[in-house]
There are 2 protein chains.
Amino acid sequence: MTPDASAPAGARPRARRGEGDRLRDEIIAAAEALLLETGSEDAVSIRAVADRVGVTAPSIYRHFTDKQHLLFEVCAIHFARFDAVMAAAVADVDADPVAALRALGQAYVRFAVEDPEHYRIMFMGRSELTPEQYADEVFAAGGAFPTLVATLQAGIDAGRFRDDLPPAHDIAVVVWALVHGVASLAVTKPAFPAAPVADRAALACEVFLRGLLRRDDAADSSA
Amino acid sequence: MTPDASAPAGARPRARRGEGDRLRDEIIAAAEALLLETGSEDAVSIRAVADRVGVTAPSIYRHFTDKQHLLFEVCAIHFARFDAVMAAAVADVDADPVAALRALGQAYVRFAVEDPEHYRIMFMGRSELTPEQYADEVFAAGGAFPTLVATLQAGIDAGRFRDDLPPAHDIAVVVWALVHGVASLAVTKPAFPAAPVADRAALACEVFLRGLLRRDDAADSSA
DNA sequence: TGTACATCAGTGAACGCGCGTTCACTGATGTAC
DNA sequence: TGTACATCAGTGAACGCGCGTTCACTGATGTAC
């Protein structure tokens, strides 16, 4: 967009012998910036990334075997950040499983709307493009998802939820669907006439939690 | 895929004077078939569609001003079908708003998983690509969404729901998010270890409805 | 019934583009002697 | 301290591809006389 920004300021000094990783990091950062600025995965081409870094396209291949691996590395950072955000959300309130669920839901939606392009790639992309390490089975087995399952299980163990519910894992899948639905509609349909996304997330969690809780649970008072 | 299907059987007879619309229809049908077979929007190129019909690429432009308009026409059919499916779902049971909501949810998710590629384009695409007629505001104003709002309003008017809920429109947005979440995760994460999608949809609707209903409502008996 | 003509559905060739990727290379950096 | 050499980060040119779109055209269809 800026006319004179075809190359970054000044000539890029070539990396010293053992410092190949410096360019590697710059490439990831450039891909990342491109993704955020353009808001489009398509705009992150090998050439565009190389231009951004101030290097020619082939030198990308010295650091990444191909384009997909580059994109995956970019996402890896955000999957790690996602897991950390979710873990932090429960950590703050893990004394009360119901409060923890509310916190998880809010944090999830916030994560998505703060950085829609990454959310898109992480959770809305075609699954064939997803690398093995982020395959569905792996995602289900480690990180944020088990955190959600455990939180639900804590609620069950504490006797807060109704008796006729399926196992925690099955509820977790649906809770995920709920927050993903709020998040992904916010991302794809930003102009849809509706209340602010945080309010939608809160309402969604509140109603759903009420559906999970025993009839005599007093947790609603915080609504 | 089939090796000898590069051109359709026999030479395509050229349309007669007033029959330009015949090719138009064939083009839409070809684009549609391509979308379903390949499962990828990217595979629907002007050239691929033309090949499929047995015609050269430029002749597409006699019927559609550009590629986007073609894709939109393809979707138009499915938006109409979607509205019809939703209307039919409520029509069957509209005596009971709660049963109608259950039916809407199930029908919504079924619509998505039966035809994931169209669902993807209709509800998961970048909104910049969406033509004016399917812009968010329009979608909110006509068709299935108002049906959902009206059904919720009927529940409110019948005194079935709790008193402290926001207006029907706001609840509708969240209900939509719920079923969209179930549907879109089913589409993008088919391998995620979980119960069958119909069960997930049912659980999602059941828990959410329970969260909406007055505490003394007996509708849960059908769960 | 026969001929000249207008219409217009579809063609063939070409355009310019950006893409991912490859290849043989250059030349600065560091090391061994 | 000085020189020959190996390393290897990054280059420049090119590949083949499929894409959307354009243009001047062809030739069958239908119509007017």
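It should be emphasised that the depicted structure is a prediction, and the values quoted were computed from it without experimental measurement. Chain A is the first sequence line, chain B the second, and so forth, proteins listed ahead of strands; every chain is numbered from 1.
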ask   = Taking the side chain of B/Tyr61 as its heavy atoms from C-beta onward, which of D/dG10, D/dG20, C/dT21 lies nearest to it?
value = D/dG20

query = Under the 3.5 Å rule, do the base of D/dG10 and the side chain of A/Arg62 count as making a donor-acceptor pair?
reply = yes

task = Measure up the A/His169 and B/Phe192 rings against each other and bin them: parallel (under 30°), tilted (30 to 60°), perpendicular (over 60°).
result = parallel

query = Choosing from C/dT11, C/dT21, D/dG10, which nucleotide comes nearest the side chain of A/Arg47?
reply = C/dT21

task = May I ask you to say what A/Ser45 touches in the nucleic acid, namely base, sugar-phosphate or nothing, with a heavy-atom cut-off under 4.0 Å?
result = sugar-phosphate

task = Could you let me know what C/dA9 is paired to, Watson-Crick or G-U wobble, both distances under 3.5 Å, or none if it's on its own?
result = D/dT26

Residue whose nearest DNA chain D nucleotide is more 5′ - B/Asp42 or B/Pro58 = B/Asp42

inquiry  = Taking pairing as Watson-Crick or G-U wobble with both contacts under 3.5 Å, can you name the mate of C/dA14, or confirm there isn't one?
reply    = D/dT21

request  = Report the relative orientation of the aromatic rings in A/Phe82 and A/Tyr108; use parallel for angles under 30°, tilted for 30 to 60°, perpendicular for over 60°.
outcome  = perpendicular

task = Anything under 30° is parallel, anything over 60° is perpendicular, the rest tilted; go ahead and classify A/Phe208 against B/Phe208.
result = tilted

inquiry  = My understanding is that a pair needs two contacts under 3.5 Å, Watson-Crick or G-U wobble. By that rule, which nucleotide pairs with C/dA32?
reply    = D/dT3

request  = Determine: side-chain N/O of B/Thr56 to OP1/OP2 of C/dG10, distance under 4.0 Å, yes or no.
outcome  = no

